[in-house]
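Read the numbers this way: they start at 1 and go in the same order the structure lists the ligands and their atoms. Keep in mind that this is a model prediction, so the values were computed, not measured. These values consider heavy atoms only, across backbone and side chains, with no hydrogens, waters or symmetry-generated copies.
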Amino acid sequence: MTTPRVALLGFSIECNRFAPVAFEADFQARTLLGGDIMLNNARSAAPMMLGEMPGFVAEMDASGPWQPLPGLLAMAEPNGPVSQEFFDRMMVQWETDLRAAGPLDGVYCVLHGAGLTVNDHDPEGTLLTMVRQIVGPDVPIVATYDLHANVSDANVGLVNAYIGYRTNPHLDMRERGIEAAQTLRRLMTGTRTFLSRVRLPIVPPTVTMLTGQDAHVRPYGELIDLGQRRMREPPYESRVLNVSVMGGFAFADTPFNGLTVVVTALDQDAADRLAREIAEAGWARREQFRPMLTSLEEATARAKATEDRSLHPLIFADVADNPGGGGRGNTMWILEAFLAAGVRDGLVGVIHDPALAAEAHLRGLGTTFRAEFNRDLADPDRDLADRDPTGEFSKPFAADAIVAGLREQPVRGRRGIYANNTLDLGLCAALTVGGLTVVVISNRVQCADPIFFEMFGLDIAAARVVVVKSRGHFRGGFDEFFRHEDVVEVDAPGLTSPILSRFAWRHMPRPVLPIDDTATWIAPSTGTAAATGIAHT
Ligand SMILES: [Zn+2]
């Protein structure tokens, strides 16, 4: 075979239907790169992008000759639906890149699978439809997805291999990129694949979707492990390339929400049977997908109780205001309650409040001032992207504060999902408020990495209490300080609350567990493509 020509592109964002619209600037703050600039960033030691594309490129470089044809890669922190105007412009760019690339032997798409635009439930499907139209039916397309993907027919039916993350907190982006490269190499030398998907009427709240060391009390990691084990056992060994168990992202509120098993195999029978088998195992665990949170009152009492030094320090997760799920990273419920209770020796982060961070920089290190959090959320002139559209969660709050730290240069991620990523948090400040130190940032991210405190010289090991604006990815960063049993998931109000019955769903199929107790499911019989999914041959 001549040197294979492989197009590279991507669209990765997780969209919360209830959060404000995401614009071009939200992508520019993370990754909006094309052509050789994108490719060089993927090959750099500290790329801006998450690990799939760097892993894919490294594996392709290592496994033989290839000619990369890099197109636009757009990645953003989870947010609301993407501006239709901006997505349409990106579609033009992706199409232009593909047509300019000329004849292709393969395509790699970095997708997330939980994107929305203002007018589209399935922008990944829209993108894949265009890619398939341009390259035709015979050029293999491999796509990687976050395990928070909601799986549409197009997401499965238009690709030749569907590869989803297998870790939550997400630590295997690079490995999945490597797997995508290895799979595409096989497909480009003639291997044919068959896909199947089975969806369950279960929309798992985010906190029930942990894997790895945190999975022992949760069902989701068990399903992923089961899929990995079964694909290596009879009758599936040597017939199955990938098993992806997609938990989905509830807050996208699409007509295809629901835990979905996707199998990529060398024959349709293996794909259908294994997808059904894993789905049946998921349905058997259906009662385990119910969140068990700690009330704010109890969380406050436990934080206060850490004054007893014989107790282990605790980490409190503000799971309902997780920027990693579209939360604004600025609700005050926990901060206010902990201050009122006199909680001491605590670190709180990271609060997204550009106005407050800028004021701290103006006032200078050591200054005492009245810190007004969320001061202008009621201001009608304020940038829509910062605002909680419902207005019911991101309330103003004021407290006396001392400027304890200032920073403006980007930071390099140390552990977990952001490890080795370069992150520009904008103007940042550490404020001493009562017995707590609060880190304030200007570019919204979830508090998944200890570096967000350590960049101010704050000692996490010495803290009695740490509060993080994060749902689960903090576990991959802070696990060197806190054991599983030291994590308290707090039930405060917010845009990403795991209590799904609190939201006004408009598109999600109903009934679904755990929202509706009446949900039922009957396993599809194998071989019925309409029930089990789509074969791509
Ligand atoms: Zn995810």
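Among the atoms of Glu14, none of the N, O or S atoms falls under 2.8 Å from the Zn ion (ligand 1).
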Under the salt bridge (Lys or Arg N to Asp or Glu O under 4.0 Å) criterion, do Asp424 and Arg444 qualify, and how do the steps go? CA-CA 10 Å; Asp424 180 3; Arg444 193 178 53 90; over 6 Å; no
Verify side chain to side chain contact (heavy atoms under 4.5 Å, CB included) between Met91 and Thr126, making sure each step is shown before the conclusion. CA-CA 9 Å; Met91 283 291 290; Thr126 301; 3.8 Å; yes
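Here Arg166 does not pair with Asp172 in a salt bridge; the nearest charged N to carboxylate O distance is not below 4.0 Å.
Here the N, O or S atom of His148 that is nearest to the Zn ion (ligand 1) is ND1.
In terms of heavy atoms, Pro47 sits closest to Pro54 at CG-CG, 4.0 Å.
Angle NE2(His170) to the Zn ion (ligand 1) to OD2(Asp146): 90° [nearest 10 degrees].
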